[in-house]
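Notes to accompany the following structure.
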Amino acid sequence: MLDPELLERITECRAELDECEEQLAKQLAEVRAERDELAVAERVLERIAGQLAEERAVAGPMPGQVAGRAAMLIPHREPGVEEDSLPWDYQRVIAAVRQAAGPVMAREVGEVVGVDVGVRAKLEPLRSKPVRLVDRGWLRKLPDGRFTTRL
């Protein structure tokens, strides 16, 4: 006959192992779920990267190198440099300023070019475009912060 103390110890060990098995099965399910989420995220990123590459190929202007990083070149306004040398989104900003009845704020430019001006994260990148065009001589900024075309 088997020792009862030994049988009790075996039963306790079996219970501990069953508990460990449950924990491991739960962890394995969590790991598999996270791995599946990462696979989905990877597919989405690949699709977005492909779409961005297509858009950049269609958009045209070639980025330059600044401190080893790609940067879009916005040329200074000079004789012989035409507006069509600007990236397409900058051409749209200039067209929006031209269409306005008078000087405009960046928010108004955003409304014309179709930016959701109610979302700050979408409006802020647009604000830098007219400023950059002012710096390069394509637009003029009035003291009150509004933009207008050069005379």
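Quick note: numbers below take in every heavy atom, side chains included, and nothing from hydrogens, waters or symmetry partners.
To the nearest 0.5 Å, the span separating CG on Leu45 from CG on Leu38 amounts to 10.5 Å. Distance CZ/Arg9 to CG/Asp3: 11.0 Å, rounded to 0.5 Å.
For the pair Trp138 (side chain) and Gln91 (backbone), a donor-acceptor distance under 3.5 Å is absent.
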Considering only distance and modelled atom types, tabulate donor-acceptor pairs under 3.5 Å from the side chains of residues 105-124, sequence neighbours left out.
unit_1: Arg107; atom_1: NH1; unit_2: Val117; atom_2: O; d: 3.1
unit_1: Glu108; atom_1: OE1; unit_2: Met105; atom_2: N; d: 2.7
unit_1: Asp116; atom_1: OD1; unit_2: Gly118; atom_2: N; d: 3.3
unit_1: Glu124; atom_1: OE2; unit_2: Arg127; atom_2: NE; d: 3.0

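In this view, Asp144 and Arg146 satisfy the side chain to side chain donor-acceptor pair (under 3.5 Å) rule, not counting sequence neighbours. Partners of Glu78 according to the side chain to side chain contact (heavy atoms under 4.5 Å, CB included) rule, which considers only residues two or more places apart in sequence or in another chain, are His76, Val81. Partners of Asp36 by side chain to side chain contact (heavy atoms under 4.5 Å, CB included), not counting sequence neighbours: none found. For Arg32, the side chain to side chain contact (heavy atoms under 4.5 Å, CB included) partners are Leu28, Arg35, not counting sequence neighbours.
Other residues, nucleotides and ligands contribute over 12 non-hydrogen atoms within 6.0 Å of the CD atom of Glu46. In this structure, Glu30 places its CD atom where more than 12 heavy-atom neighbours from other residues, nucleotides or ligands lie under 6.0 Å away.
Here the rule is side chain to side chain contact (heavy atoms under 4.5 Å, CB included) with Leu133, and of Val97, Thr149, Leu139 only Leu139 fits it.
Under the salt bridge (charged side-chain N to carboxylate O under 4.0 Å, His left out) criterion, the residue pairs touching residues 81-105 are Glu83-Arg98, Asp89-Lys129, with sequence neighbours excluded.
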